[in-house]
J.: 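Before anything else, here's the structure in question.
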Amino acid sequence: MHVNKDATASAFQTSRDKITSTDVLIIGFGFSTIPLIRELERDGINYAVVSNGEGSIWDKLEKHGRLDFDMVSSMHTSLYSFELVNRDPRDRYLTSKEFLAFIREYLAKYSAKVIRDWVTSIENHPSYSIIRTQSGRIFETKHLVISTAFRRKMNRLLNEFDYSSAKNKTIAITAMGDSVNLMISKLIPYNNRIILITNGFMLLDKLSFYNDTSYTLDQLEYHNMRRVSYTLYRKTITTGLEFVLICQRLLKFLSINHVYFKHPTAMRRLNIKLNFKNIFSQSPVPHGIIAIKYWPIDSYQKLFDNDALKQSIQDGYLLNDIAFFLEQGLVELWPKRETVIDREQRTIRWKDDVVEYDQIVDADYEIPNLPEIIVAREGAPTGKYEYVCRNNFMGVIPQELNNVYFIGFTRPTTGGLNNITEMQCLFAHKLIADPSFRREIYENLEHRIRKYNDYYHVIDTDGRTDHLVHYGFYTDDIARLMNINPRLSDCRSVKDLVLYYIFPNTAFKYRQSGPYAVQGVKEMIGQIYKNHGGFSVVINYLLTYSLLQLTAYVALIVAYIRGELPGVALPFLFIVVLLNPVTPFVAANGFGLNSYLNVIMIAALGLTAYHQDTFIPIASMLVVFALTYVFHRLGWTRAPFNDLKNKKSPKYREFFKRYCDAFKGVFLETDALARGRK
């Protein structure tokens, strides 16, 4: 659809007296824009908010009695900095009811500024935008912020799926994500047969215990280590997955307690587009990866297996250990590319296996819920704007529009959405309040977008998941753009270095000082550091991998010096050591007791330097390999993600039976209350 420019200008002139002018107009009033509104009010910048007044997904979940789950992101990554400083700094997972209460508190605080109306169209001009609403209002604004969330079929399923009738049924599911995993957790206790028809997925434990200290997922991501070494970060953050895949393909007789070895259909095969020009300057964790965060049964039992188990379930803490479900045969995996679905006959077929299903669940992808946007430029025909994620710098600044900022359309692979939206709000505020900064960003916007895409968008996603980012990279990138990031040159102690490299890149990390400082954040970070023993468990893990690599290099060098290795073979063997998949796997499986392994290797390196004997470093590596195997077999160590060592334990099978009984008791009461309301 094209709009006649002269007619648009004429209509604009005749309705000039009806126009409301403002410096900033925000379309959409949800929790995503709260940090921006807070900064605008602090600076006294004139703004208005237009929202259609329809209930959010959270309002609808409450209306349907579906606030019966906990968040997949931790409190530290789900709440804003200025809220976190008022809470206990110990990290945990909020229930949906707690999160909704947080949202409503801030929405109520700023609701007086909201104009309840529906935006029907936007005309974006070089220096201003014209916004028209359903009631006939017209706004002119210098800066336009759009935060209208996504459209999704899954939102309806979460509200309306009939769990009461889904008992002893066969249910086929054609997608996988956090929302689907929530549905599975409610279906499993009722003896349903769950068949996941999938292309694979990435699984991550939500919380792990080491030495009785809990670590949420984000606290094990050490994002800034990528600035030390891409190889170190990529090899360790995947916890030896390369070795698992090699064993799966070549050594099928080998038993490895890892979900992707035991259940290879679960492995997502990423179609990475290799750009040899930029192969050494691409992100070690690219955009577009979908990760499912789940409660591992051992951590869940440690937290909730007490007299309050039933109450915990009522609060919304549901066991959704998909790895445990797979290991126990409670969920089946069928490859999507080989499965034939006959919806008329209500059957699915894979190879010779044909199954009749009672229900089939189809999910979809997130689509930005944008109003119609018309691009109006002098000397050019007007046209309709089409949203393409890769044409937006940092997911905020669209290349085709001027002074328009998107907030909330970039989502995290792991850490909470509020982490990203808080940084987007600060970025948008600086673009609005600082003209020189805005000019700097816009003057080479196309180049910035191309560079950003070359670095992060290296997976072929068909555009469906381009907006999914590794939050700790994203927050740091925005902070560096705004010059509010902590600096290595400011580090004066080991603690400072740990906070710089190991402490997760949560939004509040960038609000310790400077123009966006929040009082109390610096002290909160110090307490979190103390609560986790200086993150020594992560440091020792990284050190184990590094020492294993160094020990292998030293063995090669000593062998060469002693004449036991020809010089021509040395470079080749160095590359083999650099790329080898074994050492990160060993380091990951020693997680929790890595410090003991490190002592052995450091001592061996000292002896090697003194005796210059090739046998010493080789022997120390063999000892470390053997001890890691023993520690893991005894259950003394636990790999950070997808460790199946505990999934077959009778202790957890017995607990799961008790959990299912408690779950059914809770939801029997919930169904009775729901019927009573009707």
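Reckoned from all heavy atoms, side chains included, excluding hydrogens, waters and symmetry mates. Fair warning: this is a prediction, and the values are worked out from it, not measured in the lab.
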J.: Determine whether the side chains of N598 and T544 contain a donor N or O and an acceptor N or O closer than 3.5 Å.
T.: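 Yes.
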J.: If we count only N and O atoms by modelled type, under 3.5 Å, do the side chains of H287 and Y452 hold a donor and an acceptor together?
T.: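 Present: a donor and an acceptor within the cut-off.
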J.: Just by distance, do the side chain of S78 and the backbone of S73 share a donor-acceptor pair under 3.5 Å?
T.: yes
J.: Please report the C-alpha distance between R227 and D477 in whole Å, then the side-chain angles of each, then the deciding distance to 0.1 Å, and finally whether the salt bridge (charged side-chain N to carboxylate O under 4.0 Å, His left out) criterion is met.
T.: CA-CA 12 Å; R227 302 196 180 278; D477 288 344; 3.5 Å; yes
J.: Checking V72 now: which residues fulfil side-chain contact (heavy atoms from CB on, under 4.5 Å) with it, not counting sequence neighbours?
T.: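 Per chain and number, V72 pairs via side-chain contact (heavy atoms from CB on, under 4.5 Å) with D178, K293.
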J.: Sequence neighbours left out, what passes ring pair (Phe, Tyr, Trp, His ring centres under 6.0 Å) with Y215? Give chain and number order.
T.: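 Checked Y215 against ring pair (Phe, Tyr, Trp, His ring centres under 6.0 Å); matches are H532.
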J.: Using 4.0 Å as the upper bound for N to carboxylate O, is an ion pair formed by D643 and K645?
T.: no
J.: Does A479 have any side-chain contact (heavy atoms from CB on, under 4.5 Å) partners at least two apart in sequence or in another chain, and if so, which?
T.: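 side-chain contact (heavy atoms from CB on, under 4.5 Å) list for A479, sorted by chain: M423, I484, N485, Y510.
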J.: List for me each residue that meets ring pair (Phe, Tyr, Trp, His ring centres under 6.0 Å) alongside F503, sequence neighbours excluded, and say none if there are none.
T.: F535
J.: I'd like to check the ring pair (Phe, Tyr, Trp, His ring centres under 6.0 Å) partners of Y545; sequence neighbours left out, ordered by chain and number.
T.: none
J.: Are the side chain of T475 and the backbone of N505 linked by a donor-acceptor contact shorter than 3.5 Å?
T.: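 Between the backbone of N505 and the side chain of T475 there is a qualifying donor-acceptor contact (under 3.5 Å).
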J.: Ring pair (Phe, Tyr, Trp, His ring centres under 6.0 Å) with H76: which residues, sequence neighbours excluded?
T.: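 Only F508 meet the ring pair (Phe, Tyr, Trp, His ring centres under 6.0 Å) criterion with H76.
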J.: Please identify each residue that fulfils salt bridge (charged side-chain N to carboxylate O under 4.0 Å, His left out) with K336, with sequence neighbours left out.
T.: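 Expected list: none.
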J.: Tell me if a side-chain donor or acceptor on Q512 pairs with a main-chain N or O of K509 at a distance below 3.5 Å.
T.: yes
J.: So if I apply the salt bridge (Lys or Arg N to Asp or Glu O under 4.0 Å) rule between E327 and each of K647, R653, K648, which one comes out positive?
T.: K648
J.: Classify the side-chain pair Y294/N642 by whether it contains a donor and acceptor separated by less than 3.5 Å.
T.: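 Y294 vs N642: donor-acceptor pair found between side chains.
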J.: Please list, chain by chain and in numerical order, all residues satisfying salt bridge (charged side-chain N to carboxylate O under 4.0 Å, His left out) with D305, sequence neighbours excluded.
T.: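 Testing D305 for salt bridge (charged side-chain N to carboxylate O under 4.0 Å, His left out), a comparison that skips the adjacent residues, returns R658.
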J.: Let's go through F473 and Y455 carefully: what are the C-alpha distance in whole Å and the side-chain angles of both, what is the deciding distance for ring-ring contact (aromatic ring centres under 6.0 Å, His included) to 0.1 Å, and is it a yes or a no?
T.: CA-CA 11 Å; F473 292 3; Y455 182 69; 7.4 Å; no
J.: Test your reading of the model: is there a side-chain donor-acceptor pair from T413 to the backbone of V469, 3.5 Å cut-off?
T.: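 Yes; at least one donor-acceptor contact below 3.5 Å.
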J.: Are Y474 and Q424 linked by a side-chain donor-acceptor pair shorter than 3.5 Å?
T.: yes
J.: Does any pair with a residue in residues 552-584 pass ring pair (Phe, Tyr, Trp, His ring centres under 6.0 Å), and if so which ones, sequence neighbours excluded?
T.: Y553-F574
J.: State which residues pass side-chain hydrogen bond (donor to acceptor under 3.5 Å, both in side chains) with Y500; sequence neighbours excluded, sorted by chain then number.
T.: R480
J.: Determine whether Y652 and F324 satisfy the following criterion, ring-ring contact (aromatic ring centres under 6.0 Å, His included), listing intermediate values before the conclusion.
T.: CA-CA 9 Å; Y652 295 119; F324 176 80; 7.8 Å; no
J.: For residues 589-611, pull every pair meeting ring pair (Phe, Tyr, Trp, His ring centres under 6.0 Å), keeping only residues two or more places apart or in separate chains.
T.: Y210-F591, Y541-F591
J.: Between H632 (side chain) and N589 (backbone), is there a donor-acceptor pair under 3.5 Å?
T.: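 Checked: no pair found.
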J.: Can you list every salt bridge (charged side-chain N to carboxylate O under 4.0 Å, His left out) pair that touches residues 197-222, not counting sequence neighbours?
T.: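 Checked against salt bridge (charged side-chain N to carboxylate O under 4.0 Å, His left out) - neighbours excluded - the pairs reaching residues 197-222 are D70-K206, D205-R638, D212-K302.
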